[in-house]
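Step one of this worksheet: look at the structure below.
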Amino acid sequence: MKQSILQIVLDTPLDSSFDYRWQASDDSEPTPQIGQLVQLSFGRREVVGMIVGTSAESDVPAEKLKNVQAVRHQLPPLSPQWLALCRFAADYYQRPLGEVALPGLPKNLRALTTVALDRGLKKLQQSGAAHDATPIDVAQLNPAQQQAADAIAGASGFAPTLLYGVTGSGKTEVYLQAAAQILAHNEGGADNPSQILILVPEINLTPQLEGNIRARFPGVMVATLHSGLAEGERMRHWLAAHLGQARIILGTRLAVLASLPHLKLIVIDEEHDPSYKQQEGLRYSARDLAVWRAHQLGIPIVLGSATPSLETWHHTQSGRYRKLELRERAVKDAVLPLVRRIDMERDKPSEGLTSTLVSALKQRLERGEQSLLFLNRRGYAPVIACDACGWVSNCTRCTSFMVLHKPEHRLRCHHCSLELRIPKSCPTCGNVDLQPLGRGTQRLEEGLQAMFPEARVLRIDADSTRRKGSAQAAFDSVHRGEVDILIGTQMVAKGHDFKNLTLVGILNPDTALFSHDYRASERLFAQLMQVAGRAGRAAQKEGGSASEVLIQTRYPQHPLYAAVIAHDYDRFATSLLEERAQACLPPYIYQALLRAEAKELETAIEFLQQAANCIEHGGITMHDPIPMTMTRVANVDRAQLLIECPSRPGLQAFLTDWMAQLRQIRTRAKWSLEVDPVDI
DNA sequence: AGCACGCCGACT
DNA sequence: GTCGGCGTGCTC
């Protein structure tokens, strides 16, 4: 009877594979394959794992070896390329392979009760001939777009390309045209129809894109992959991708780990967007993994952005990535909005609005045009205080203020969700006159409504859109023209193109200029460009003036604003890169961050100190352990230790050794390591 | 991470 | 007398 040893990985933090014995029940049972799922008993639990290797012998004593209970032959094995991607991610981010390979699989596949795999697939939209990838209703591309699409689709082998173009320059058309060419060419032949992966930051903000794709490729199965899918849908879509039936896969960051056996092109839209970074568990960058995947498969990858990440920009300067630029807006007669600074020292604001911005709003109201006020701070006021004794609304569980939410009559901590009724008087001295300090979207809304009683004002932020579907309803109402002045946080910065919007006011952007996070200005620039792009995307009306963006600032002379006004990302990015090079910051060096948390700050710091001392670190810069800027969240104290290295392989080699040492340290602190951290 | 075992403090 | 706190140790 056939038998062998299987190396199995499981979804546990244990950094090793486990050997199990397999014995055929009869001669007809197929031999287990690498990439197949197996059911087995682990400790006293029943779990599902994945075969990552097979052999005749095991180093594990025979009496400890258990038999696998069942091999899941129904599911075609995950490919060696896919496993190699997981292995790379596991090694690079210093996590066990099983923690990378298993959690991304649909829950049904990992459940102990097997479900039939061959049912329900047909629900995915598919009409017409499966291999007819000809797009219909091809939009007229301008020469720059056509050239870009040809260059992308015509590239052979690994060809990373930055598609650089302002909002409205028609990047999406380029992606779709390149996709159409690659699907039509269908290099693998009729039995292996080519697949295309399109990553977007947040799928809910790009419903038009999915509709666009389906309309443009009526004969092609399109699958979406994102965290909002119901379990059944997720299973169907994942399987359609794994079985090679879905040919266009549109998804968020998690889709980068999907099984795509015939992948021939990867597109990353808005590649600079922070949501490509997973911020818990396996803290991966979907953008970086996508580039690795394209390299592994020798296929083209397109990174699209109006404000590329400095990492990507750096690669174009060094020649590692090719840069294709779309200089014009693709919509006929559309022009870039006119951006102006308003000096808040000269034009003192009342209710948070300078007189210049107020008259611009008035003008739009008279003309029947829409305005957007961007204020990235929700709530009524970030803190309330007592004038008499100096009490402020500190959170009792976090190093932060409780934010005043006036309509809800609550003080709320945005970090631990603690809620209190608004105190009627000062808790320490009894003074009844507690003052809100600063201004959030609720307070702005109140002030505007008082200033323009006739105007239809709508606020869109996380608080006003808590109920499911309410965000969509709010955006629809803006599109229908039922709103004169829209107030929004970063929620309104992405995706939506408001046809009748001709004024964008940006309030209070200055804090990011002086942040300790060296990436803050890069992010602010991207955000300002993105918000500015909400206006003036459509062709200007006959005789109408260009859309306007007004930035209220106390630092009008700051070079960042000068660059925004000139729509000059090139020069801004180049100067930021020079600063980074001089200060020895990424992308010129590589970083990792060891975080620790515990009930007592002392415990966390002590662990980090031990971690710093437990290994020789030649070639590595090891900084001192420090409490995090927001030290306490939900009664847990947090600290971190930054390490830097001028070479990526050098950092990787060090981290592997270091992790082995760290696992030996006995501590009550909870800790984790992050490679290429983004907020420090 | 689970999950069990084990050894001390306040409960019906 | 037990329930349960979380320290410690193990998982092929």
Side-chain angles (χ1 to χ4, degrees), chain A residues 1-25 31-72 83 86-87 89-91 93-107 109-113 254 257 278-284 594-604 606-607 610-611 614 634-638 659-675:
Chain A
M1 215 50 94
K2 293 183 287 185
Q3 77 159 47
S4 62
I5 301 296
L6 308 179
Q7 277 102 46
I8 310 290
V9 290
L10 304 161
D11 182 14
T12 80
L14 300 168
D15 188 29
S16 64
S17 63
F18 294 87
D19 287 359
Y20 279 78
R21 195 187 299 108
W22 170 81
Q23 277 171 313
S25 52
T31 311
Q33 304 291 311
I34 288 173
Q36 280 181 319
L37 296 178
V38 289
Q39 188 174 326
L40 42 80
S41 121
F42 179 65
R44 353 223 131 182
R45 294 182 292 154
E46 300 271 292
V47 292
V48 169
M50 184 179 289
I51 305 173
V52 297
T54 61
S55 55
E57 305 277 318
S58 171
D59 293 338
V60 177
E63 68 276 12
K64 288 184 93 178
L65 281 180
K66 291 182 184 172
N67 286 347
V68 296
Q69 290 164 350
V71 181
R72 299 269 173 93
L83 262 177
C86 293
R87 197 165 265 131
D91 290 347
Y93 294 109
Q94 303 290 332
R95 311 288 307 202
L97 176 55
E99 257 193 4
V100 181
L102 289 159
L105 304 180
K107 280 214 177 62
L109 292 179
R110 289 188 293 140
L112 294 176
T113 47
L254 57 85
L257 288 171
Q278 167 81 35
Q279 289 292 32
E280 55 198 19
L282 177 79
R283 291 175 169 244
Y284 63 94
L594 183 63
R595 303 174 200 273
E597 57 177 55
K599 284 260 174 280
E600 303 293 332
L601 182 61
E602 190 68 47
T603 313
E606 213 167 83
F607 165 76
Q610 280 183 62
C614 75
N635 281 331
V636 176
D637 282 342
R638 298 129 22 109
M659 281 296 280
Q661 297 298 314
L662 294 182
R663 281 188 267 263
Q664 307 296 313
I665 298 177
R666 307 203 50 79
T667 175
R668 294 168 63 185
K670 268 178 68 178
W671 58 270
S672 63
L673 182 74
E674 177 164 6
V675 182

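Chain identifiers are assigned alphabetically (A, B, ...) following the order of the sequence lines, protein sequences preceding nucleic acid strands; residue numbering begins at 1 within each chain.
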Between A/Gln7 and A/Ser55, a side-chain donor and acceptor under 3.5 Å: yes
Between C/dC10 (P) and A/Arg45 (CZ): distance, integer Å: 16 Å
Whole-Å gap separating P (C/dC6) and NZ (A/Lys670): 14 Å
Any A/Arg666 side-chain N or O less than 4.0 Å from OP1/OP2 of C/dT8: yes
Whole angstrom value for the distance that separates P of C/dC12 from CZ of A/Phe42: 6 Å
Distance in angstrom units between A/Tyr20 OH and C/dC12 P, rounded: 4 Å
Nearest-nucleotide pick for A/Arg44, side chain only, options being B/dC3, C/dT11, C/dC12: B/dC3
Chi angles and distances behind the salt bridge (Lys or Arg N to Asp or Glu O under 4.0 Å) call for A/Glu674, A/Arg283: CA-CA 6 Å; A/Glu674 177 164 6; A/Arg283 291 175 169 244; 2.7 Å; yes
Nucleotide C/dC10, atom P - distance to CZ of A/Phe18 in whole Å: 13 Å
pair A/Val52-A/Ile8: side-chain heavy atoms closer than 4.5 Å: no
For atom CG of A/Asn67 and atom P of C/dT11, their distance in whole Å: 17 Å
Given B/dA1, C/dG7, C/dC12, the nucleotide with the shortest approach to the side chain of A/Val60: C/dC12
Sugar-phosphate only, base, or nothing, as touched by A/Ile5 at under 4.0 Å among non-hydrogen atoms: nothing
Whole angstrom value for the distance that separates P of B/dG2 from CZ of A/Arg110: 12 Å
Between A/Arg72 and A/Gln36: side-chain donor-acceptor atoms closer than 3.5 Å: no
Between B/dG2 (C1') and A/Glu46 (CD): distance, integer Å: 14 Å
